[in-house]
Amino acid sequence: MTLLYDGSFETFLTLVHKMYYEKLNPDAILKKAPDTLLFDALHEVRYDETKSLAVFEALQKRFAKEHFERILHIFMCDGVDFEMDLLCYIITGFKSQRELENITLPYVFRLHALQKELFHISHKMSGFLRFEELEEGTLYAKLETKYSVLYFLGIHFSKRLNNQNYIIHDIQRSLAFVHTKEFKGVQKVAEFEAPKLSDAEQKFSKLWKTFFESVAIKSRENKKLQKCTVPLLYRTYMTEFMND
Amino acid sequence: MKKDIFTKMQILSDSAKYDVSCSSSGSENNYKTGELGATNNSGICHTFTADGRCVSLLKVLLTNFCIYDCSYCINRVSNDIARAAFSPRELADITINFYKRNYIEGLFLSSGIIESEDHTMELILRTLRILRHEYKFNGYIHVKLIPGSDALLIEEVVHLASRVSSNIELPSDASLRLLAPNKTKEKVLAPLKLARNFSLERTNKPISMSTQLIIGATPESDLEILRLSSALYDKALLKRVYYSAYIPINDDKKLPSIITKPPLLREHRLYQADWLLRFYGFGYDEIVSERTPNLDEELDPKTFWALNNLHLFPIEINKASYEELLRIPGIGIRGAKKILKARRFKKLKLEDLVALRISTKRARYFILCDGRMQKELPHYAEHIRHALLAPPKEKKEQPTLFDGSALFGEL
Ligand code: SF4
């Protein structure tokens with residue numbers, strides 16, 4: 001049986017509920033209806049608040065914190081077909097929490113690895129994110145990443161930019177982490193106008209580029225290595241790789 | 001005469017770039033509500049230069065004016081180069097503005113000696129005071145202590161900085177006498193000893209300290225270098241020793257000629273050996289000896305050690321302790337931990353290692369998986385060495401940390 005759901009965490013929980021109580025037995029779970037015809041029947045699962053909540057509470061109660069969090073983290077990994085693995089993970093977890101650390105089980109290993117990749121991207125971005133200073137002093141950064149790390153970054157910067165107003169704007173997902181005196185958290189971005197930069201902005205970005213170019217040692221130049229360490233897809237908004 | 005800020009930046013970062021000790025990792029998280037800046041436990045790279053090195057800190061000199069004339073140093077007084085100086089205020093402002101834009105983790109501040117040791121240290125201190133007291137900056141600050149400056153100045157710097165260092169530069173006193181007559185090993189280490197004592201007066205954890213050694217400018221062997229590093233680690237004086245392949249800058253009769261290439265591969269091997277000292281439980285005398293005083297160029301130091309100690313192998317991965325696992329060539333810290341974790345659930349076979357994404361390229365010659373040898377190959381050193389180095393070197397090994405092993409410690 002092939003299941004179809006909307007890709008959200010909540011609906012996935014409904015799906016888990018149905019699997020237990022309505023004896024669904026999927027061999028594939030899709031986020032989008034396929035263009036080609038399936039041999040299999042396609043069964044669509046819709047969000048059901050009661051069922052979803054019931055599973056949520058059960059998970060919270062029966063799963064160790066780190067195992068529970070792993071499920072949430074997996075849902076930040078957009079575009080990965082993790083559903084069957086996650087289903088196995090949850091079934092296993094209700095039987096034995098210990099088994100969820102058994103990395104010799106392929107689906108456990110894959111989820112561990114996926115979570116690590118998510119953390120890795122988040123860690124890289126915590127260095128590569130660039131803020132620009134806007135007219136009234138707010139710091140503004142644009143973000144584009146494979147997986148959703150906006151929330152992690154928002155928290156990371158709330159420590160180091162504690163006394164600053166800042167906005168991290170996740171362009172593809174139309175979300176922003178906003179940190180002001182009045183509000184701290186993730187918001188939807190409906191519309192967006194390119195903001196005006198402060199007068200000092202140009203001076204400091206130029207100063208940074210000067211520094212960046214001057215610290216490279218010519219006799220050790222190795223652009224290939226640089227491409228491994230800062231892959232091109234990270235460079236879009238990095239001041240030092242932008243041409244003015 | 002007055003230089004604009006961009007020219008200053010260009011000059012003063014250019015002169016500082018040969019100092020490699022720049023990692024900001026391994027310090028506490030320490031942010032305060034309503035203030036600016038925090039340090040991070042795992043180092044954060046903010047960008048990578050065209051030579052592929054991690055940029056984490058704004059690494060500059062306060063000034064590249066210097067009254068001394070050390071042979072290997074680009075800033076020595078006899079060199080005819082552009083000179084500049086930041087004012088403490090200027091530098092503090094740049095640091096804060098770079099930090100807010102997330103260009104950097106913090107500041108790495110060093111300096112040529114302007115007027116006198118004390119005067120130089122005083123200027124550095126003024127910069128620190130502005131950053132810490134006025135701007136309430138809690139980010140990372142690394143200061144190169146000026147050997148020979150007053151103990152009171154050093155004391156205050158130690159209280160304000162996150163890490164301090166003093167570069168030994170040359171691995172032996174004889175070389176120092178020849179190339180840096182105003183320095184001795186004792187004089188260079190003195191501020192570090194002072195720093196440790198000052199920081200211990202306030203907390204029970206001494207301030208984190210490091211040093212740098214220049215490789216290839218003088219005739220010391222790897223044995224001498226690693227013996228020195230090992231002694232510094234043992235006395236818990238230092239947290240890191242950095243190795244910097246000598247890059248000929250000055251045409252000086254006392255130094256290897258300008259034409260020689262920087263010994264990058266040697267530097268790479270020393271970093272690998274250093275990891276073995278700090279994280280793998282090796283003693284320096286296991287890695288190098290009077291008989292083989294230099295590290296092997298073709299093989300990494302762990303593989304080289306293993307081939308000389310074949311009687312300890314093969315190691316059964318289902319039984320070996322963590323320490324023993326770490327001794328297997330190709331198994332790093334992450335690999336060893338994965339093995340420990342996985343074998344709680346089943347007896348591991350070679351396929352399992354592959355599934356766990358542990359590289360078996362080197363390891364398979366040295367392990368037993370559930371009693372079985374992995375290679376139908378004769379278990380003798382020359383054969384393994386040969387197999388590991390094949391196919392014959394059409395692609396010569398790049399001494400450029402491509403495999404990342406020196407960066408991430410997987411040996
Ligand atoms: S004292 Fe320092 S800056 Fe001055 S020449 Fe010697 S190494 Fe260079």
Side-chain angles (χ1 to χ4, degrees), chain A residues 98-99 101-106 108-109 113 123-124 126-133 137 139 141 156-164 166 200-201 203-230 234-235 238-241, chain B residues 5-6 9-11 13-14 16-18 29 31-38 40 42 44-56 58-60 94 97-103 105 136 138-139 245 247 261-262 264 338 341-342 344-346 348 352 355-357 398 400-402 404:
Chain A
R98 182 174 173 269
E99 279 292 308
E101 290 302 317
N102 183 355
I103 47 176
T104 66
L105 298 171
V108 171
F109 182 74
H123 180 74
K124 278 219 148 187
S126 70
F128 294 164
L129 196 75
R130 293 288 177 267
F131 288 95
E132 293 175 298
E133 191 181 63
L139 299 168
H156 172 81
F157 285 100
S158 70
K159 290 176 189 157
R160 45 185 61 207
L161 300 178
N162 196 272
N163 61 3
Q164 305 285 312
Y166 64 85
E201 190 50 38
K203 170 180 158 191
F204 287 110
S205 64
K206 191 172 159 203
L207 211 46
W208 170 241
K209 284 186 192 175
T210 309
F211 172 77
F212 178 68
E213 268 147 40
S214 144
V215 288
I217 295 176
K218 283 265 151 23
S219 59
R220 298 181 70 147
E221 186 171 292
N222 188 344
K223 294 264 183 186
K224 210 165 129 200
L225 179 58
Q226 192 188 27
K227 278 217 180 90
C228 301
T229 51
V230 205
Y234 284 99
R235 297 187 187 182
M238 290 174 76
T239 322
E240 60 275 27
F241 293 109
Chain B
I5 187 97
F6 302 105
M9 178 60 93
Q10 199 271 320
I11 294 173
S13 53
D14 188 72
K17 72 183 170 193
Y18 297 102
N29 289 290
Y31 80 103
K32 292 200 186 82
T33 312
E35 298 191 357
L36 182 69
N40 206 293
S42 47
I44 297 177
C45 290
H46 286 254
T47 190
F48 289 84
T49 56
D51 51 80
R53 286 173 312 145
C54 161
V55 176
S56 166
L58 169 61
K59 184 158 56 168
V60 287
I94 295 174
N97 275 287
F98 275 19
Y99 191 85
K100 287 206 299 203
R101 287 162 179 76
N102 202 38
Y103 298 160
E105 275 308 280
K136 303 265 179 253
N138 300 315
I247 299 174
K261 281 233 181 73
L264 294 181
K338 271 195 223 169
K341 197 165 170 185
R344 300 208 312 258
F345 297 96
K346 69 185 279 204
L348 300 177
D352 294 312
L356 292 168
R357 290 194 222 152
Q398 286 274 345
T400 43
L401 321 185
F402 250 114

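Protein chains get the first letters and strands the later ones, always in sequence-line order, with residue 1 at the start of each. Because the structure is a prediction, the values reported are computed rather than measured.
- Both the backbone and the side chain of B:K100 have a heavy atom closer than 4.5 Å to some heavy atom of chain A.
- In this structure, chain A has no heavy atom under 4.5 Å from any part of B:I11.
- When the candidates A:K223, A:R130, A:E221 are compared by the number of heavy-atom contacts under 4.5 Å with chain B, A:R130 comes out ahead.
- If you measure heavy-atom distances from A:L139 to chain B, the contacts under 4.5 Å come from the side chain alone.
- Heavy-atom distances place the backbone of B:K32, and not its side chain, under 4.5 Å from chain A.
- Proximity to chain B is absent for every atom of A:A141, based on heavy atoms less than 4.5 angstrom apart.
- For the residue pair A:F204 and B:I94, the shortest heavy atom distance occurs at CE2-CA, 4.1 Å.
- Looking at A:K227, neither its backbone nor its side chain comes within 4.5 Å of chain B, counting heavy atoms on both sides.
- Options A:I217, A:T104, A:L105, A:V230 differ in how many heavy-atom pairs under 4.5 Å they form with chain B, and the most are formed by A:I217.
- Counting heavy atoms of neighbouring residues, nucleotides and ligands inside a 6.0 Å radius, atom CZ of B:R357 does not exceed 12 of them.
- A:Q164 touches chain B through its side chain: at least one heavy atom from C-beta onward sits under 4.5 Å away, while N, CA, C and O do not.
- If you take CD on A:Q226 and CG on B:D51, they are separated by 8.0 Å, rounding to the nearest 0.5 Å.
- Heavy atoms closer than 4.5 Å to chain B are found in both the backbone and the side chain of A:R98.
- For chain B, no part of A:Y234 is nearby; none of its heavy atoms comes within less than 4.5 Å.
- Of the atoms belonging to A:F109, it is side-chain heavy atoms, and not backbone ones, that fall under 4.5 Å from chain B.
- Looking at A:E201, both its backbone and its side chain come within 4.5 Å of chain B, counting heavy atoms on both sides.
- When heavy atoms are compared at a cutoff of 4.5 Å, B:D352 does not approach chain A at all.
- Looking at B:A342, both its backbone and its side chain come within 4.5 Å of chain A, counting heavy atoms on both sides.
- Scanning both residues, B:R53 and A:V215, for their nearest heavy atoms gives NH2-O, 2.8 Å.
- Atom CD1 in B:I44 sits 11.0 Å away from atom CG in A:L129 (nearest 0.5 Å).
- When each of B:H46, B:K136, B:K346 is checked for heavy-atom pairs under 4.5 Å with chain A, B:H46 comes out on top.
- Expressed to the nearest 0.5 Å, how far CD1 of B:I5 lies from CG of A:L207 amounts to 5.5 Å.
- Taking the salt bridge (Lys or Arg N to Asp or Glu O under 4.0 Å) definition, one finds that A:E132 meets it with nothing, sequence neighbours left out.
- Around atom NZ of B:K341, more than 12 heavy atoms belonging to other residues, nucleotides or ligands sit under 6.0 Å away.
- A distance of 7.5 Å separates CG of A:N163 from CD of B:E35, quoted to the nearest 0.5 Å.
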**Asked** Step by step, would you call A:K159 with B:N138 a side-chain contact (heavy atoms from CB on, under 4.5 Å)?
**Response** CA-CA 10 Å; A:K159 290 176 189 157; B:N138 300 315; over 6 Å; no

**Request:** Go through the steps for A:L225 and B:F48 under the test side-chain contact (heavy atoms from CB on, under 4.5 Å), then give the verdict.
**Result:** CA-CA 9 Å; A:L225 179 58; B:F48 289 84; over 6 Å; no

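- For B:F98, the part lying near chain A is the side chain, with the backbone staying farther off; criterion is any non-hydrogen pair under 4.5 Å.
- Heavy atoms only, all atoms of each residue included: A:S214 and B:M9 are closest at OG-O, 4.4 Å.
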**Asked** Which is it for B:L36 and A:L161 under the side-chain contact (heavy atoms from CB on, under 4.5 Å) test, yes or no, and what are the steps along the way?
**Response** CA-CA 5 Å; B:L36 182 69; A:L161 300 178; 3.9 Å; yes

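- Below 30°, between 30° and 60°, or above 60°: for A:W208 and B:Y103 the angle between ring planes is below 30°, a parallel geometry.
- For a residue to count as touching a neighbouring chain, one of its non-hydrogen atoms must lie under 4.5 Å from one of that chain's; by this rule A:F241 touches chain B with the side chain only.
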**Request:** Evaluate side-chain contact (heavy atoms from CB on, under 4.5 Å) for B:T47 paired with A:M238, printing each intermediate quantity in order.
**Result:** CA-CA 9 Å; B:T47 190; A:M238 290 174 76; 3.8 Å; yes

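- The minimum heavy-atom distance linking A:T229 with B:G52 is given by the pair CG2-O, 4.3 Å.
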